[in-house]
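Have a look at the structure below, then the notes.
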Amino acid sequence: MKRIVFVIIFLTAAVGKALSAGSDGNGKTDSRFQIASNMEIMYGIVRELDMSYVDTLDMKKLIETGINAMLGSIDPYTEYYPEADMSELKTMTTGKYGGIGSIIRQYPKRDYIYIEEPYEDMPAQKAGLKAGDRILAIDGESMKGKSSQYVSDHLRGEVGTSLTVSVGRGEDSIDVTFDRKTITLPSVPYYGMTGDYGYIILESFTENCSREVLKAVVDLKERGAKGLILDLRGNGGGLLNEAVDLVGLFVPLGTKVVEIKGMTPQAAGSYSTQKKPVDTKLPLVVLIDGESASASEIVSGSLQDLDRAVIMGARSFGKGLVQSTRPLPFNGAVKLTTAKYYIPSGRCIQEIDYSRKNDKGQAQHIPDSLTQVFHTSAGRPVRDGGGIRPDVDCPSDTIPDIVYALSQDVVLFDFLNDYCSRHDSIAPIDRFEVTDEELASFKDYCRNSSFEYSSSSSKALKSLRKIAENEGLESKAEEEFRALEEKLKFDMATDLDRFDDDIRRILAVEIANRYYYQKGTIRQSLKDDKVLKAAVELLSDEGRYRGILTDLPSAE
């Protein structure tokens with residue numbers, strides 16, 4: 001607390017002279033005066049709370065809450081990182097951290113955190129830890145009742161430091177001692193051939209990800225790939241320079257990729273490709289969806305504007321903002337929005353205008369009717385605002401409510417633990433499939449468990465009933481509400497059979513993960529990926545592919 005109060009005293013003293021500045025010659029309040037006066041008010045409030053509040057307050061937590069609330073009112077990307085959270089910021093940008101290399105998960109009504117997935121070839125997996133292991137203790141401290149964040153913080157640490165993890169497996173307890181290693185999350189977790197075409201999945205734009213993509217492209221070309229599919233679905237972005245370097249793999253040297261514009265000269269600039277491309281002619285399809293954001297949109301949008309690739313999937317997220325980090329006193333940092341970016345056609349694809357808010361304080365979406373038309377290098381019309389619109393719409397399959405609920409529930413996790421205890425291995429991933437007997441066994445397991453779920457329609461009806469109650473109308477429609485509730489009740493036995501194929505798919509993916517880790521998960525998922533299949537079909541039809549890049553219908 002003393003450190004924080006010292007910062008406030010220092011700031012108010014440093015700008016104290018501005019308090020007498022009043023306003024400028026035009027009668028407009030000087031912003032420096034506003035800052036200084038409000039900092040003085042803030043310090044006064046903190047001082048009074050510290051000296052006079054009836055109960056003892058955690059002043060550090062209180063002030064951090066104030067900081068986060070202030071930043072959160074601006075946009076969701078401007079964030080404060082105190083010293084204790086700087087490792088999180090570093091992991092975001094580098095994809096690296098010190099730890100044992102595993103995903104952990106917390107399940108309701110369970111006392112311990114579980115190993116969800118050890119990363120292949122990382123300390124946890126090499127030491128024999130398995131998905132389903134309960135983390136009982138770390139360095140002798142019981143983890144019973146602890147949150148996943150607490151457990152994660154204790155598993156991570158400085159590279160080279162040691163720790164002992166006690167895990168429960170069935171009725172047994174195992175102690176494993178590790179030296180923490182640098183855990184590098186792969187930005188390209190998988191690439192390979194699908195028929196005659198190369199497929200690359202890029203999960204994040206962390207340091208050197210463009211090099212990983214380059215390596216994959218070179219390898220796939222050597223294997224005879226007649227075209228490439230770059231999968232950016234679910235990729236929330238990352239480093240701007242990596243996005244530029246990735247585009248540079250496919251366009252001529254010196255091509256302008258993106259321009260950024262901010263309030264200061266330091267927040268403005270133009271970025272062009274700096275390296276010789278690996279291939280400027282090979283047919284290229286880029287896959288995007290509603291979670292493709294930021295750097296993913298720079299790559300997909302630039303390749304679209306330059307008529308270098310066909311974009312396929314669903315409209316992207318729409319993040320046209322650039323963040324920069326600034327150091328703060330006491331080893332913290334602030335990540336703040338400093339600019340907007342504009343891709344080669346001159347458009348900015350930002351979906352939400354955070355400077356405009358309604359009477360509830362909610363930022364406003366930019367309606368399609370207010371977006372403007374820009375043009376690609378070949379003259380194809382494209383629009384700003386609202387993300388990247390794909391050249392070929394091909395949304396992913398929707399997930400039935402019961403399948404989503406199963407993926408989140410402990411019943412699937414417990415079944416997998418039991419399955420793995422009875423199967424030392426499964427078929428190679430190319431041949432693996434869930435048999436009818438295994439699917440029936442899982443259904444029986446669900447029926448005999450405490451698994452429950454609510455359909456989306458039931459949740460919507462519950463919300464509607466609450467609104468009617470608040471408006472005093474519930475009694476008038478009580479009979480109708482009850483009738484609808486009865487009709488919308490799920491029948492688990494029926495739904496388990498109705499969505500047979502969807503349940504089989506998720507079960508196959510989860511089993512593949514247990515035996516073949518992340519690569520197995522991806523390869524199993526790709527077997528039923530309709531968007532990937534559509535991309536392969538497009539690349540197989542050269543006339544259609546070229547036609548899209550030269551004769552797209554007018555943007556609406």
Side-chain angles (χ1 to χ4, degrees), residues 100-138 142-146 148 151 155 164-178 402-403 405-452 492 496 500 502-525 527:
I100 66 172
S102 69
I103 297 173
I104 60 174
R105 184 168 179 178
Q106 187 170 21
Y107 286 96
K109 300 180 181 179
R110 295 292 172 94
D111 290 335
Y112 294 98
I113 303 299
Y114 289 82
I115 299 286
E116 178 80 358
E117 176 191 345
Y119 294 132
E120 191 173 10
D121 295 327
M122 295 296 177
Q125 187 259 334
K126 288 182 176 180
L129 295 190
K130 298 180 178 180
D133 288 345
R134 305 183 304 279
I135 302 177
L136 305 177
I138 300 175
S142 173
M143 294 293 115
K144 185 176 182 179
K146 303 298 186 183
S148 57
V151 174
L155 291 174
T164 299
V165 180
S166 302
V167 300
R169 184 179 301 162
E171 300 299 320
D172 299 326
S173 176
I174 306 169
D175 289 345
V176 182
T177 299
F178 300 88
I402 188 171
V403 175
L406 284 169
S407 71
Q408 301 300 306
D409 196 272
V410 73
V411 64
L412 176 58
F413 183 73
D414 287 342
F415 176 83
L416 292 168
N417 293 340
D418 180 65
Y419 181 95
C420 292
S421 70
R422 293 182 286 104
H423 298 79
D424 292 332
S425 62
I426 61 174
I429 196 66
D430 291 338
R431 302 201 308 269
F432 172 70
E433 61 181 24
V434 170
T435 66
D436 291 341
E437 293 76 13
E438 289 169 336
L439 180 61
S441 175
F442 176 62
K443 291 179 180 179
D444 288 340
Y445 195 92
C446 291
R447 294 186 184 101
N448 295 324
S449 73
S450 58
F451 171 66
E452 294 182 351
M492 183 171 68
L496 285 171
D500 198 287
D502 298 284
I503 293 171
R504 187 192 297 268
R505 279 194 288 269
I506 189 177
L507 188 57
V509 167
E510 293 297 331
I511 291 175
N513 176 267
R514 291 294 184 103
Y515 292 91
Y516 297 112
Y517 305 101
Q518 187 181 28
K519 288 181 180 178
T521 302
I522 294 170
R523 292 178 65 185
Q524 185 65 36
S525 299
K527 293 178 182 180

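The residues of the chain are indexed from 1 along the displayed sequence.
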Exercise. Any idea which heavy atoms bring S525 and V509 closest together, and the distance?
Worked result: OG-CG2, 3.6 Å
Problem set entry | Any side-chain heavy-atom pair of I174 and L129 under 4.5 Å | no
Exercise. At what distance, to the nearest 0.5 angstrom, does CG of D121 lie from NZ of K126?
Worked result: 5.5 Å
For this session: Please assess E510 against F415 for the test side chain to side chain contact (heavy atoms under 4.5 Å, CB included), listing each intermediate value before the final yes or no.
Result: CA-CA 10 Å; E510 293 297 331; F415 176 83; over 6 Å; no
Exercise. Out of curiosity, Y114 OH to Q106 CD, how far, rounded to the nearest 0.5 Å?
Worked result: 11.0 Å
For this session: Check whether any side-chain heavy atom of I113 sits under 4.5 Å from a side-chain heavy atom of K146, and report yes or no.
Result: no
Problem set entry | F451 vs D414 side-chain heavy atoms within contact, under 4.5 Å | no
Problem set entry | Minimum-distance pair of heavy atoms, taken over all atoms of A508 and Q524 | CB-NE2, 3.5 Å
For this session: Give a yes-or-no answer on whether the side chains of R514 and N417 include a donor-acceptor pair shorter than 3.5 Å.
Result: yes
Exercise. Does CD in Q408 sit with more than 12 non-hydrogen atoms of other residues, nucleotides or ligands closer than 6.0 Å?
Worked result: yes
Exercise. Would E116 and Y107 satisfy side chain to side chain contact (heavy atoms under 4.5 Å, CB included), going step by step from the backbone distance to the final call?
Worked result: CA-CA 11 Å; E116 178 80 358; Y107 286 96; 3.3 Å; yes
For this session: Kindly indicate, with the supporting measurements, whether the criterion side chain to side chain contact (heavy atoms under 4.5 Å, CB included) is fulfilled by T164 and I138.
Result: CA-CA 6 Å; T164 299; I138 300 175; over 6 Å; no
For this session: Could you check if a side-chain atom of S441 sits within less than 4.5 angstrom of a side-chain atom of Y419, using non-hydrogen atoms only?
Result: no
For this session: Check whether any side-chain heavy atom of L416 lies under 4.5 Å from a side-chain heavy atom of N513, and answer yes or no.
Result: no
Problem set entry | Heavy-atom closest contact (V411 atom, Y445 atom, distance) | O-CE2, 3.6 Å
Exercise. Atom CD1 of I429 and atom CZ of F432: how far apart are they, to the nearest 0.5 Å?
Worked result: 6.5 Å
Exercise. Within a strict 4.5 Å, meaning less than it, do heavy atoms of the D175 and V165 side chains meet?
Worked result: no
For this session: In sequence, state the C-alpha distance, the side-chain angles, and the governing distance for R523 and Y516, and then conclude on side chain to side chain contact (heavy atoms under 4.5 Å, CB included).
Result: CA-CA 9 Å; R523 292 178 65 185; Y516 297 112; over 6 Å; no
Problem set entry | salt bridge (Lys or Arg N to Asp or Glu O under 4.0 Å) between K443 and D500, worked out | CA-CA 9 Å; K443 291 179 180 179; D500 198 287; 2.5 Å; yes
Exercise. Can you tell me if NZ on K527 sees more than 12 non-hydrogen neighbours from other groups inside 6.0 Å?
Worked result: yes
For this session: Report the distance from atom NE2 of H423 to atom OH of Y515, rounding to the nearest 0.5 Å.
Result: 6.5 Å
For this session: Taking all heavy atoms of A124 and all of S102, pick out the closest pair and write down the distance.
Result: CB-CB, 4.1 Å
For this session: Without swapping roles, check the side chain of S173 against the backbone of R169 for a donor-acceptor pair under 3.5 Å.
Result: no
Exercise. For C446, which of D409, L406, I402 qualifies under side-chain contact (heavy atoms from CB on, under 4.5 Å)?
Worked result: L406
Exercise. CG of L439 to CG of L507: how many Å apart, nearest 0.5 Å?
Worked result: 7.0 Å
Exercise. Can any side-chain N or O of R504 pair as donor or acceptor with the backbone N or O of V434 at less than 3.5 Å?
Worked result: yes
Exercise. Is K130 paired with D133 through a side-chain N to carboxylate O contact shorter than 4.0 Å?
Worked result: no
Problem set entry | Atom pair OH/OG of Y112 and S142 - distance to nearest 0.5 Å | 4.5 Å
